[in-house]
Number of protein chains: 2
Amino acid sequence: MGDTCVTATTSDEGAAVPVTIRDVARASGVHISTVSRTFSAPHLVNPETRVRVLACAEDLGYRPNRAARALITGRTHNIGLIIADIANPFFPPLIKAAESQARHRDYHVFVADTNEDPTAEEELVHALAKQVDGVLLCSPRMSNSLIEQLSREVPLVVVNRQVTGLPCVLMDVGQGARSAIEHLVGLGHRSIALLGGPRSSWTNREMRRAAGAAARAGGAELTMLGPNAPTEVGGSAVAEQVRRSGVSAVLAYNDLMAIGLIEGLDALGVRVPQEVSVVGVDDITLSRLTRPKLTTVATPTGAAGRTAVDMLLQQDIESPRGARGSGAGTALGVRRTTAQVMLQTDLVIRDSTGPGPYARPARPLAAPRGPGPHCPAGPGIPTAATGDAVAS
Amino acid sequence: MGDTCVTATTSDEGAAVPVTIRDVARASGVHISTVSRTFSAPHLVNPETRVRVLACAEDLGYRPNRAARALITGRTHNIGLIIADIANPFFPPLIKAAESQARHRDYHVFVADTNEDPTAEEELVHALAKQVDGVLLCSPRMSNSLIEQLSREVPLVVVNRQVTGLPCVLMDVGQGARSAIEHLVGLGHRSIALLGGPRSSWTNREMRRAAGAAARAGGAELTMLGPNAPTEVGGSAVAEQVRRSGVSAVLAYNDLMAIGLIEGLDALGVRVPQEVSVVGVDDITLSRLTRPKLTTVATPTGAAGRTAVDMLLQQDIESPRGARGSGAGTALGVRRTTAQVMLQTDLVIRDSTGPGPYARPARPLAAPRGPGPHCPAGPGIPTAATGDAVAS
DNA sequence: TACTTCATTGCAAACCTTTGCAGCACCACG
DNA sequence: CGTGGTGCTGCAAAGGTTTGCAATGAAGTA
């Protein structure tokens with residue numbers, strides 16, 4: 001085992017004797033149903049008995065078995081959160097917001113990472129299906145039809161993807177891409193590259209569409225580069241290609257790629273923003289820490305997490321899953337309400353964009369460092385919509 | 001709802017009719033037990049029947065209910081992973097390694113974030129207890145005694161904390177802190193600060209101990225600063241204090257704090273490493289992206305994740321939890337094997353450390369930028385021990 | 001006093017699956 | 001022909017909980 005130091009000891013330890021509702025019933029001299037009610041419907045049991053039962057439960061260290069409860073009620077009070085890549089700093093704020101929102105409603109969140117792998121996504125939905133009351137699918141890479149199919153197995157809310165008939169939380173990256181392109185055109189750039197992300201990404205398609213339109217409108221030429229891995233190395237890998245293409249500005253699929261690209265250009269001796277301007281998307285905290293600080297399209301990730309949880313729980317509550325009456329009954333479809341909410345994005349101008357070759361020298365060659373003229377006050381907090389606005 | 005755009009539609013959709021083993025049995029004309037065996041013990045059922053059952057199952061879209069199965073077998077094939085802060089880039093590599101290792105052994109991983117909150121930690125262990133076969137506790141903030149108590153409820157493996165009697169995966173931050181101090185002393189620093197992390201962190205205590213000893217041995221004075229939040233803002237918040245203290249070098253609890261500190265010093269006009277040298281711990285990817293690149297103690301996070309999963313599964317397999325015989329039987333303790341493994345750390349020298357006031361001018365004042373003289377080849381890949389070495 | 005109402009509790013079925021045991025048919029062997 | 005074995009299947013209990021229904025007793029009402 002080489003360098004690793006291992007010490008091992010064997011010990012007799014109190015085995016995990018699972019204490020059940022039955023033990024508590026025996027100890028407190030009541031029927032198990034009374035114990036059950038003490039926990040799940042306290043108003044139905046005599047205060048005296050209640051305290052006695054609670055005391056015994058406390059004493060024995062009893063904890064209700066949520067799995068067994070779920071078997072009957074059909075509600076686990078868990079929600080699943082499937083994430084394309086935990087290592088992408090875009091997601092943690094979303095995860096935390098979702099967890100906090102869920103906690104307020106007495107739900108727990110189980111996060112799972114798919115490594116951007118569609119197969120893992122599908123498998124995880126199946127694995128989670130019976131253990132959670134619903135699943136949040138964040139930036140899924142699988143096909144729309146598969147998502148629809150899976151949604152029949154477990155309630156789904158999709159984030160960063162539009163699937164008709166399913167509740168979706170979207171961020172207006174179209175608007176964001178447009179603002180970015182307009183910003184660049186305004187700075188005097190006429191030859192711009194769009195650094196694409198994963199092919200199966202909805203965000204990617206939206207950006208292409210919107211950026212293309214905005215470039216046409218602004219009289220600029222837009223070169224599409226990609227698809228690429230949405231990571232730092234994905235960005236640095238195309239630095240050479242960017243240089244050869246001769247563009248003076250780049251809009252990247254996300255901040256990670258933008259940062260990677262800047263690194264790559266730096267290694268090639270290309271200066272940002274003096275020779276090439278770079279814009280990212282997401283406004284991850286990292287984008288404030290690199291030099292130059294990154295101009296980027298801020299996405300309201302926290303609001304997205306909260307909204308998604310709200311939508312899931314709302315949809316979930318109105319149609320309990322474990323319909324008691326089995327077989328013979330009406331197998332009619334449930335009238336289900338689906339909503340799509342679109343959250344605003346905001347361009348945050350920092351130091352990675354500067355004047356391009358066609359910049360009007362109206363003002364005496366503004367210093368490329370420092371906040372651009374458009375820069376709003378402060379670090380650019382997006383006007384994130386609060387997540388509680390879900391139409392019925 | 002202000003800026004948010006919401007569209008809502010109502011649709012009739014196929015309800016999630018849960019198809020059970022019974023439906024499959026009816027459809028294929030066999031008893032439910034045969035269906036069960038088709039999935040969990042295929043060799044016991046006639047090949048012909050098997051294909052028929054499988055066809056029906058496929059047809060009906062049957063998926064075994066893992067929760068119900070767990071109720072009987074006592075095994076969920078899930079493992080829980082409780083993380084102090086998902087947003088800390090230290091954790092994602094650990095999470096991914098754990099997930100990959102678990103997947104190889106046909107387990108799923110549920111991640112939960114506690115926001116560095118001990119209460120949330122305890123609550124999550126309880127919530128997970130019956131839904132997983134074991135829990136990995138990463139950098140826990142609760143007390144040792146509480147951890148021991150919880151370990152009676154569900155098998156636990158602790159990462160980044162030493163708890164006697166429990167399996168632990170540790171990283172040798174003591175050694176790391178020593179190397180860092182020796183590195184600084186060697187550069188001619190005699191007045192060094194230790195930027196502490198959370199008070200309840202085992203790593204924090206280890207670092208204090210080891211750094212203190214190393215400083216004494218090297219004839220340097222060590223100032224303890226903290227406790228602080230183990231984040232970027234936690235680091236930048238003490239920049240002023242660091243400047244006032246007059247030290248020429250700082251060892252930070254982790255990279256995030258180190259980076260925050262550098263930011264803060266930069267804002268104060270203090271240059272790193274010319275005026276103050278800074279060393280971090282963890283070697284997160286970010287530490288290669290900031291300027292100056294961070295000198296840091298690399299911790300083998302991936303190996304830690306893999307090892308922890310291995311230890312949990314090993315401990316788990318040898319003592320199945322759902323002991324069939326209930327009450328009357330022997331309530332003796334199970335003979336349980338616990339091991340502690342210590343993984344190596346490695347100092348990676350980059351650009352945030354330079355000569356101190358007592359540097360020997362042996363060589364003509366080396367340029368402070370660029371890799372230091374000790375820098376090994378490449379980006380400093382730590383010689384991480386592979387995680388499969390767990391003694392029994 | 002007789003009847004209704006209410007609060008509290010017990011009973012037992014149900015949720016979905018696994019699994020020890022037993023039954024059955026069939027074959028081979030002596 | 002009897003015996004034993006084998007391969008497959010069914011039966012029913014078990015796992016921990018919830019919940020509709022019924023039973024009990026007490027209090028209130030006429």
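Every chain is numbered from 1 and lettered A, B, ... according to where its sequence line falls, protein lines coming before strand lines. These numbers come from the heavy atoms of this one structure, side chains and all, not from hydrogens, waters or symmetry mates.
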Enquirer: Charged N to carboxylate O below 4.0 Å: is that the case for A/D117 and A/R141?
Expert: no
Enquirer: Among C/dC11, D/dG16, C/dT17, which is the nearest nucleotide to the side chain of B/R69?
Expert: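 Ranking C/dC11, D/dG16, C/dT17 by closest atom to the B/R69 side chain puts C/dT17 first.
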Enquirer: OP1 or OP2 of C/dC15 sitting under 4.0 Å from any side-chain N/O of A/T73?
Expert: no
Enquirer: With sugar-phosphate meaning primed atoms plus P, OP1 and OP2, does A/R66 contact a base, only sugar-phosphate, or nothing at under 4.0 Å between heavy atoms?
Expert: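 It contacts nothing in the nucleic acid.
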Enquirer: Once you apply a heavy-atom cut-off of 4.0 Å, does A/Y62 come out as touching a base, just sugar-phosphate, or nothing?
Expert: sugar-phosphate
Enquirer: Looking at C/dT18, D/dG20, D/dT18, which one has an atom nearest to any side-chain atom of A/I21?
Expert: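 Per side-chain heavy atoms of A/I21, the pick is D/dT18.
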Enquirer: Between B/V45 and B/A68, just flag the one whose closest nucleotide in DNA chain D comes earlier from the 5' side.
Expert: B/V45
Enquirer: Among B/T49, B/V45, B/V24, find the one that has a side-chain contact (heavy atoms from CB on, under 4.5 Å) with B/V35.
Expert: B/V24
Enquirer: Output the rounded distance in Å from CZ (B/R22) to C1' (D/dC11).
Expert: 13 Å
Enquirer: Atom CG in A/L128, atom OG1 in A/T76: separation rounded to 0.5 Å?
Expert: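 Reported value, rounded in 0.5 Å steps: 9.5 Å.
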Enquirer: Whole angstroms only, please: what is the NZ-P distance between B/K130 and D/dT17?
Expert: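 Those two atoms, NZ and P, are 7 Å apart.
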Enquirer: Nearest to the side chain of A/R37, which nucleotide is it out of D/dG20, C/dT17, D/dC11?
Expert: D/dG20
Enquirer: Expressed as a whole number of angstroms, how long is the span from A/H43:NE2 to C/dA7:C1'?
Expert: 12 Å
Enquirer: Nearest nucleotide by nearest heavy atom, which residue falls closer to the 5' end of DNA chain C, A/R50 or A/I32?
Expert: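 Result of the comparison: A/R50.
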Enquirer: Under 4.0 Å, heavy atoms only, any strand: does B/S33 hit a base, just the sugar-phosphate, or nothing?
Expert: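 Base contact.
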Enquirer: Taking CG from A/N65 and C1' from D/dT18, how many angstroms apart are they, rounded to a whole number?
Expert: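 One finds 13 Å between C1' of D/dT18 and CG of A/N65, rounded.
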Enquirer: Give B/S36 one of three labels, base, sugar-phosphate or nothing, depending on what nucleic acid heavy atoms sit under 4.0 Å from its own.
Expert: base
Enquirer: Is the backbone of B/H77 close enough, under 3.5 Å, to the side chain of B/D133 for a donor and an acceptor to pair up by distance?
Expert: yes
Enquirer: Rounded to whole angstrom units, what separation is found between the CG atom of A/N46 and the P atom of D/dA27?
Expert: 13 Å
Enquirer: What is the separation between atom CZ on B/F39 and atom P on C/dC16, rounded to the nearest whole Å?
Expert: 15 Å
Enquirer: Which of these passes side-chain contact (heavy atoms from CB on, under 4.5 Å) with B/T114: B/I82, B/L137, B/I86?
Expert: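 Of the listed residues B/I82, B/L137, B/I86, the side-chain contact (heavy atoms from CB on, under 4.5 Å) partner of B/T114 is B/I82.
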Enquirer: Of the listed nucleotides (C/dC16, C/dG10, D/dT9), which one gets closest to any side-chain atom of A/H31?
Expert: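 In terms of side-chain proximity for A/H31, the closest of C/dC16, C/dG10, D/dT9 is C/dG10.
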Enquirer: D/dG7 P sits how many Å from B/E48 CD, rounded?
Expert: 16 Å
Enquirer: Look at the side chain of A/L71 and decide which nucleotide, out of C/dC16, C/dT9, D/dG10, has an atom nearest to it.
Expert: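 Given the options C/dC16, C/dT9, D/dG10, the side chain of A/L71 is closest to C/dC16.
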Enquirer: Taking atom C1' of D/dA12 as reference, at what distance in whole Å does atom CD1 of B/I72 sit?
Expert: 11 Å
